[in-house]
Amino acid sequence: MTLKATFIGLTAAAAMAAPAFAEYPDRTIELTIPAGAGGGTDTSARKLALLLEEKQGTSIAILNVGGGGGSVGASQFMQAKPDGYALFATWNSPLTTVPQVQDVAYSLDSFTPIASTSETAYTLCVKADFPVTTGADFLAELEANPGKYTYGNDGIGGTMQLAAERIFQAKGIDAVAIPFGGAGETLQNFLGGHVDIYGGSISTVLPYVESGEAKCPIVTSAADVPALEGASGLEALGLADKETLLWRAILGPKDMDPAVVEMLANVIDEAVNDPSYVEFLATKGEVPNVVKGDALGARLQSEYDALAEVSKALGL
């Protein structure tokens, strides 16, 4: 079923009163990505956009607006018209993490939640000769040696640091956070011996785990991650409520028509679960995860509140 047909089926009565919406979408949709080309969010959004174009019968134009950890793009997008022709493909950090450490022009209420698309855990990894074998051993080693170990992360107040500190604070661990410009820079400093622990995305470090150069004792998801055999999920460590994920979503401007939101959420759901997209996500260590509308808004608020507590404890 095409996007137009889905929308008409959902809004047949409304279309009689507002015939202009009956043909939605009848022109190009602009998809803003608050990051530069080539990164994880960009490549995921572009792949998804191709599928949405096939299903909706209209084109999608990509607009990359990087800077400020995603805040520049988010601030620009919030000015868009809520007519269904402006969408925002983001990861969670610009909405739930960046506002904890930067003054931003927007809030969660500045957007209309449509649907999340995929998710993955972060991970904490060490060199192959690090004296632990399990996640429990890893946390015990850090707890027994306050201030001894350094861990690289994606920047002061970044999602990786807050994900790690949610775990460390629960266990009374004092590890030294060393900020870098992203997972790639963190990895290079980890491999070069400048930090003891890699903290970042799974896909970045996975080749070095597969080669035996690194091992990852824990992931920041409640469940284990198949791609990292031997890594403990937080549920196994009694820390399931400290889960922090990297996840992606499609949002709209504030005050979008609920019928358009529902229709878009359903088509995004269909595209995300297309076998070609599921296979694409697997190569990145991600899995489909579709949460729609108000439920997505509740997820954003819950994560924002949890990370606010961690940021406050760190004095950020």
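If you're wondering where the values come from, they're calculated on a predicted model, not measured in any experiment.
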Between Phe180 and Asn153, is there a side-chain heavy-atom distance shorter than 4.5 Å?
no
As an exercise, state the distance from OH of Tyr304 to CG of Leu95, rounded to the nearest 0.5 Å.
10.5 Å
Which pairs, with at least one residue in residues 134-143 and sequence neighbours excluded, count as a side-chain hydrogen bond (donor to acceptor under 3.5 Å, both in side chains)?
Thr133-Asp137, Thr134-Asp137, Glu141-Asn145, Glu141-Tyr149
Counting distance only, does the side-chain N/O of Asn64 pair as donor-acceptor with the main-chain N or O of Ala35 below 3.5 Å?
yes
Mind checking side-chain contact (heavy atoms from CB on, under 4.5 Å) for Pro207 and listing every partner two or more places apart, or none if nothing turns up?
none
Sequence-distant partners of Phe88, ring pair (Phe, Tyr, Trp, His ring centres under 6.0 Å), two or more places apart
Phe77, Phe111
Is any side-chain heavy atom of Val98 less than 4.5 Å from a side-chain heavy atom of Ser71?
yes
In terms of heavy-atom contacts, Ile218 and Gly135 come closest through CG2-CA, 3.4 Å
Taking the side chain from Gln56 and the backbone from Thr58, do they hold a donor-acceptor pair closer than 3.5 Å?
yes
To the nearest 0.5 Å, tell me how far Asp255 CG sits from Ser110 OG.
10.5 Å
Checking Gln301 against Asp305: is there a side-chain donor and acceptor pair closer than 3.5 Å?
yes
So, does Ser44 use its side chain to make a donor-acceptor pair with the main chain of Gly40 at under 3.5 Å?
yes
Would Arg27 and Asp83 pass as an ion pair if we require N to O under 4.0 Å?
yes
Can you tell me how far the CG atom of Asp274 sits from the CD atom of Glu279, to the nearest 0.5 Å?
10.5 Å
So, for Ala115 and Val290, which heavy atoms are closest and what is the spacing to 0.1 Å?
CB-CG1, 4.3 Å
Among residues at least two apart in sequence or on other chains, which ones pass side-chain contact (heavy atoms from CB on, under 4.5 Å) with Ser75?
Ala105, Tyr106
Are Thr117 and Leu48 side-chain neighbours, meaning at least one heavy-atom pair lies under 4.5 Å?
yes
Please find the pair of heavy atoms, one from Thr32 and one from Gly73, that lie closest to each other, and give the distance.
CG2-O, 4.4 Å
Would you call Ile202 and Val225 a side-chain contact if the rule is heavy atoms closer than 4.5 Å?
yes
Minimal non-hydrogen separation, Pro217 against Phe138, with atom names:
CB-CB, 3.6 Å
Do Ile268 and Trp91 land in one hydrophobic cluster if side-chain heavy atoms of ILVMFWY residues count as linked below 4.5 Å?
no
Can you find a side-chain donor-acceptor pair between Glu286 and Thr120 that sits under 3.5 Å?
no
For residues 110-126, which residue pairs qualify under salt bridge (charged side-chain N to carboxylate O under 4.0 Å, His left out), counting only residues two or more places apart or in two chains?
Glu119-Arg299
To the nearest 0.5 Å, tell me how far Thr283 OG1 sits from Leu206 CG.
10.5 Å
Can you pull the disulfide (SG to SG under 2.5 Å) pairs that have at least one residue in residues 97-191, sequence neighbours excluded?
Cys125-Cys216
Quick check with a 6.0 Å cut-off and a 45 degree axis cone: is Lys127 positioned over the face of Phe190's six-membered ring?
yes
Quick check on the hydrophobic clustering: are Leu300 and Leu245 connected, directly or via other members, by side-chain heavy-atom contacts under 4.5 Å?
yes
Can you find a pair of side-chain heavy atoms, one from Leu52 and one from Val267, that are under 4.5 Å apart?
yes
How about Gln169 and Leu314: do any of their side-chain heavy atoms sit closer than 4.5 Å?
yes
Heavy atoms, side chains only, cut-off 4.5 Å: are Val126 and Lys215 in contact?
yes
In short, side-chain hydrogen bond (donor to acceptor under 3.5 Å, both in side chains) pairs touching residues 231-241 with sequence neighbours left out are none
Run the side-chain contact (heavy atoms from CB on, under 4.5 Å) test on Val65 and Ile33 for me, step by step, so that the C-alpha distance in whole Å, both residues' side-chain angles and the decisive distance to 0.1 Å come before the verdict.
CA-CA 6 Å; Val65 185; Ile33 303 170; over 6 Å; no
Using the side-chain contact (heavy atoms from CB on, under 4.5 Å) rule, take Tyr122 and Leu162 through it: C-alpha gap first, then chi angles, then the decisive distance, then the call.
CA-CA 11 Å; Tyr122 292 98; Leu162 298 185; over 6 Å; no
Specify the closest pair of heavy atoms between Ala74 and Pro34, including all atoms of both residues, with the distance to one decimal.
N-CB, 4.3 Å
Please walk me through it: do Thr220 and Ile167 pass side-chain contact (heavy atoms from CB on, under 4.5 Å)?
CA-CA 8 Å; Thr220 64; Ile167 299 167; 4.2 Å; yes
With heavy-atom distances below 4.5 Å as the criterion, would you say the side chains of Val287 and Leu281 are in contact?
no
Rounding to 0.5 Å, atoms OG1 (Thr96) and CG (Leu108) come to a distance of 8.0 Å
Can you tell me if Ser116 and Arg248 form a side-chain donor-acceptor pair at under 3.5 Å?
no
Residue list, side-chain contact (heavy atoms from CB on, under 4.5 Å) with Ser59, at least two apart or on another chain
Thr28, Glu53
Heavy atoms only: give me the nearest Thr112-Met256 pair and the separation to one decimal.
OG1-N, 3.5 Å
Please determine whether the number of non-hydrogen atoms from other residues, nucleotides or ligands lying under 6.0 Å from atom CD1 of Ile156 exceeds 12.
no
Might you work through the salt bridge (Lys or Arg N to Asp or Glu O under 4.0 Å) test for Lys292 and Asp269, ending with a clear yes or no?
CA-CA 9 Å; Lys292 302 176 184 177; Asp269 190 354; 3.1 Å; yes
Tyr85 and Ile62: same hydrophobic cluster, using ILVMFWY side-chain contacts below 4.5 Å?
yes
Please confirm whether the backbone N or O of Trp247 pairs with a side-chain atom of Asn92, one donor and one acceptor, at under 3.5 Å?
yes
Under 3.5 Å, side chain of Tyr24 to main-chain N/O of Gly84, donor-acceptor pair present?
yes
Check the pair Asp224 / Glu229 against side-chain contact (heavy atoms from CB on, under 4.5 Å), numbers first and verdict last.
CA-CA 8 Å; Asp224 296 347; Glu229 185 177 352; over 6 Å; no
Calculate, to the nearest 0.5 Å, the distance between atoms CD1 and CE belonging to Ile114 and Met263 respectively.
9.0 Å
Got a sec, which residues hit side-chain contact (heavy atoms from CB on, under 4.5 Å) with Ala231, two or more places apart in sequence or on another chain?
Val219, Leu228
Under 3.5 Å: donor-acceptor pair, side chain of Glu270, backbone of Asn266:
no
What pairs meet the side-chain hydrogen bond (donor to acceptor under 3.5 Å, both in side chains) rule with one or both residues in residues 191-213, with sequence neighbours excluded?
Thr150-Asp196, Ser201-Thr204
Under the rule for ring pair (Phe, Tyr, Trp, His ring centres under 6.0 Å), what residues qualify as partners of Tyr277, not counting sequence neighbours?
Phe280
With sequence neighbours excluded, give me every side-chain hydrogen bond (donor to acceptor under 3.5 Å, both in side chains) pair touching residues 158-167.
Ser93-Thr159, Thr97-Thr159, Tyr151-Glu165, Arg166-Thr244
